[in-house]
Amino acid sequence: MTGLKSEFLQILTEREFIHQATDLEALDAKMYEGPIAAYIGFDCTARSLHVGSLVQIMMLRWLQKTGHKPIALMGGGTSKIGDPSGRDESRQLMTDEIIADNMAGIRKPFDHMLTFGDGPSDAMMVNNGEWLDSLKYISFLRDIGTHFTINRMLTFDSVKLRLDREQPLTFLEFNYMILQAYDFMELGKRYGCVLQLGGSDQWGNIVNGIELARRVNSQQLFGVTTPLITTADGKKMGKTASGAIWLNEDHLPAYDFWQFWRNTQDADVGKFLRLFTELPMDEVRRLEKLEGAEINEAKIILANEVTALVRGLDAAKAAEATAKETFEKGGAGADLPTVTIASATLEAGINIVDLFVDAGLGASKGEVRRLIKQGGAKLNDEKVDGEEMTVTAAMLLDGQIKLSAGKKRHALVKAG
RNA sequence: GGAGGGGUUGGGGAGCGGUCAAACCCAACAGACUGUAAAUCUGUCGCCUUCGGCUUCGCAGGUUCGAAUCCUGCCCCCUCCA
């Protein structure tokens, strides 16, 4: 776009990652001059990250690809406090065990997506518990606390919002921004990290770190934030009926993950290709221009690319094969969710409604009955037209029965 | 501490003694149309085997033939005053 010189910032700009940035020209100059280290912090509040964090991880990848050093900071220490940004209520305090457990879960996708090691552009994973856990209160207050005025802290959105709504903000949470600021400075000191990336909700926290480093060390640090990613109809991306789109396989099977991307709205295809794949921009522009049924090609590519990135190539291929088999050939792909029913039960016969519930295609029998009544239930691709139907082993085709609820939800039943 | 207002089915939000499983909106789900898209239209949307039953309207009791609706106690939230 404009006269940016560094490859990293050019890419980020072109792919529309940047929402706000501090002193972009100076940062650009520095990144053009030579490799830098940059970090993003991740909360350890769940066992897996979801697609909301994928934007951030993509930035780390680009950082690595363009020769810089990405640091993934695990908030092992700060998660004991809880970030009040954008929240009306305090987080539940978490125990050390839970945090450690979460951290182990969150780690997983990073191994796919970044190359870790000791080389100059190898990624690092650091836990801020390393320095936060052992802080000495009085000396911390004297060294760091003097650089923060309450007056200013009260003006930050994360704080102001709570106060305006007269929601309690504990002193514990009030300290969060100071600790995150301290993190930034500490990473600068330890690893020469000069840039913090993050979501737009982290702007305040990032700026605090920059100011702290300037006051304490007269060091110039930089910050870049990404916009909140929304879908074309204005919703926050990544929420579906069945829940968040998790990055971890044990939270969301690869097939479902793939389907999420495959079902992207037309209007979002370009945006998602830019942010969540590394396809060349020429290709992105070509794909997003496709119209009518043709844009489905772009969606499949999107799904393949993202799934391969996050889950690995094999998972992506399996998911694509299953989708193809299921949707294009009307068959039953191996990657569909599968339930096993005891052979004896199946021999004796099981009611269709119960089977749908067992297969997870309905939350209650009532729901399944409704589904049948409305003509949305299928068994081996034949419409189920009565709730009295009994399913028996005789209906197994190649050892399995395919159940469908509507056009998109399928499951396989096997005898076992 | 004082004075008021409120907690209803995923969310918002009606209902204020029977006709209430509870209006309406959103979300969700299914069907039609399509392209595994969006928009639109139609239907559904507590649980259970039924025009039948069961369990729901912060919690626990009570009044009544009958309560989400009235009374008592408790818990939680909000607004205003101090």
Side-chain angles (χ1 to χ4, degrees), chain A residues 88-90 92 161-169 230-245 253-273 287-304 306-307 316 319-333 335-337 349-379 381-390 402-411:
Chain A
D88 253 4
E89 289 171 8
S90 307
Q92 190 96 47
L161 222 89
R162 282 276 186 91
L163 297 182
D164 285 350
R165 300 194 191 191
E166 303 197 20
Q167 298 288 339
L169 176 75
T230 53
T231 54
D233 48 11
K235 290 175 191 151
K236 195 168 168 182
M237 180 207 177
K239 293 279 183 193
T240 66
S242 37
I245 302 302
Y255 174 72
D256 293 321
F257 186 81
W258 192 92
Q259 280 294 328
F260 168 76
W261 298 100
R262 172 63 245 272
N263 283 303
T264 298
Q265 300 177 29
D266 290 7
D268 287 326
V269 169
K271 182 196 244 179
F272 287 2
L273 283 170
L287 290 171
E288 73 179 333
K289 265 195 228 116
L290 294 174
E291 285 185 20
E294 297 218 308
I295 202 167
N296 284 329
E297 183 202 333
K299 293 184 188 178
I300 290 170
I301 291 172
L302 172 67
N304 282 338
V306 184
T307 307
E320 186 192 9
T322 288
K324 194 169 220 160
E325 182 68 30
T326 308
F327 287 95
E328 291 175 26
K329 297 186 190 157
D335 225 15
L336 291 177
I350 178 169
N351 177 263
I352 185 76
V353 176
D354 292 325
L355 189 62
F356 264 80
V357 173
D358 289 346
L361 292 179
S364 69
K365 293 187 187 185
E367 200 176 302
V368 175
R369 284 201 192 89
R370 218 175 292 138
L371 186 73
I372 293 173
K373 213 172 291 172
Q374 299 190 124
K378 294 203 189 86
L379 185 146
D381 299 306
E382 301 221 0
K383 194 151 106 187
V384 175
D385 42 27
E387 56 187 65
E388 301 309 325
M389 182 179 182
T390 299
K402 178 186 173 195
L403 298 180
S404 312
K407 279 177 288 196
K408 292 189 200 169
R409 292 150 58 218
H410 307 279

Notebook entry, point to check: Taking atom P in both B:C75 and B:G66, what distance in whole Å separates the two?
Noted result: 29 Å
Notebook entry, point to check: Which pair of heavy atoms, one from A:Asn304 and one from A:Ala316, lies closest together, and at what distance?
Noted result: O-CB, 3.7 Å
Item checked: Side-chain donor or acceptor of A:Arg369 paired with backbone N/O of A:Glu387 under 3.5 Å -> no
Notebook entry, point to check: Whole Å only: how far is the NZ atom of A:Lys299 from the P atom of B:U36?
Noted result: 10 Å
Next item on the list: Please state the C1' separation for the pair B:C47 and B:A22 - nearest whole angstrom.
Entry: 16 Å
Notebook entry, point to check: Across all strands, who's sitting opposite B:A3 as a Watson-Crick or G-U wobble pair, both distances under 3.5 Å?
Noted result: B:U79
Checklist line | Atom pair distance, as rounded to whole Å: NZ in A:Lys408 and C1' in B:U36 | finding: 5 Å
Next item on the list: Report the distance from atom CD of A:Glu291 to atom P of B:A38, rounded to the nearest whole Å.
Entry: 17 Å
Next item on the list: If B:A67 has a Watson-Crick or G-U wobble mate with both distances under 3.5 Å, name it; if not, just say none.
Entry: none
Check: A:Glu367: what forms a salt bridge (Lys or Arg N to Asp or Glu O under 4.0 Å) with it, not counting sequence neighbours?
Finding: none
Item checked: Any pair counted as salt bridge (charged side-chain N to carboxylate O under 4.0 Å, His left out), so long as it reaches residues 258-268 of chain A, sequence neighbours left out -> A:Asp266-A:Lys299
Notebook entry, point to check: Base, sugar-phosphate, or nothing for A:Glu294, non-hydrogen atoms under 4.0 angstrom?
Noted result: nothing
Margin query: Both A:Gly292 and A:Ala405 contact RNA chain B. Taking the nearest nucleotide for each, which residue is further toward the 5' end?
Written below: A:Ala405
Margin query: I'd like to compare against my own output: the B/S/- annotation of nucleotides 42-57 of chain B with a strict under-4.0 Å heavy-atom distance to protein.
Written below: -BSS-SSS--------
Note to self: Output the rounded distance in Å from CG (A:Asp268) to C1' (B:A38).
What the structure shows: 10 Å
Item checked: Whole-Å C1' distance, B:G17 and B:C70 -> 7 Å
Note to self: Any base atoms under 4.0 Å from A:Trp258, or only sugar-phosphate, or nothing? Heavy atoms, all strands.
What the structure shows: base
Checklist line | Spacing of A:Leu287 atom CG relative to B:A37 atom P, expressed in whole Å | finding: 19 Å
Checklist line | C1'-based separation of B:C78 from B:A67 [nearest Å] | finding: 26 Å
Margin query: Only pairs with both distances under 3.5 Å count, Watson-Crick or wobble alike; so what is the partner of B:G35 in this structure?
Written below: none
Notebook entry, point to check: Out of B:G35, B:U34, B:C29, which has the shortest distance to the side chain of A:Lys407?
Noted result: B:U34
Item checked: P-based separation of B:A23 from B:U44 [nearest Å] -> 13 Å
Margin query: Give me the distance, rounded to whole Å, that separates B:A21 from B:G52 when you measure between the C1' atoms they each carry.
Written below: 15 Å
Notebook entry, point to check: A:Arg409 side chain: which of B:A38, B:C29, B:U36 is closest?
Noted result: B:C29
Margin query: Restricting to side chain to side chain donor-acceptor pair (under 3.5 Å), what partner residues turn up for A:Thr390, sequence neighbours left out?
Written below: none
Checklist line | Heavy-atom closest contact (A:Ile295 atom, A:Glu288 atom, distance) | finding: CD1-O, 4.4 Å
Item checked: Position toward the 5' end of RNA chain B (nearest nucleotide), A:Asp233 or A:Glu328 -> A:Glu328
Next item on the list: Determine which pairs satisfy salt bridge (charged side-chain N to carboxylate O under 4.0 Å, His left out) with at least one residue from residues 321-330 of chain A, sequence neighbours left out, and list them in order.
Entry: A:Glu325-A:Lys329
Notebook entry, point to check: So which nucleotide does B:C47 pair with, by the Watson-Crick or G-U wobble rule with both distances under 3.5 Å?
Noted result: B:G53
Next item on the list: Using the C1' atom on both, measure B:C71 against B:A3 and round to a whole Å.
Entry: 22 Å
Note to self: Suppose you measure atom P in B:G58 against the same atom in B:U8; what distance do you get, rounded to whole Å?
What the structure shows: 6 Å
Next item on the list: Using whole Å, report how far CG of A:Asn263 lies from P of B:U34.
Entry: 19 Å
Checklist line | Residues forming a side chain to side chain donor-acceptor pair (under 3.5 Å) with A:Thr264, sequence neighbours excluded | finding: none
Check: Are A:Phe327 and A:His410 near enough that their ring centres are under 6.0 Å apart?
Finding: yes
Margin query: From NZ of A:Lys383 over to C1' of B:A32, roughly how many Å is that when rounded to an integer?
Written below: 12 Å
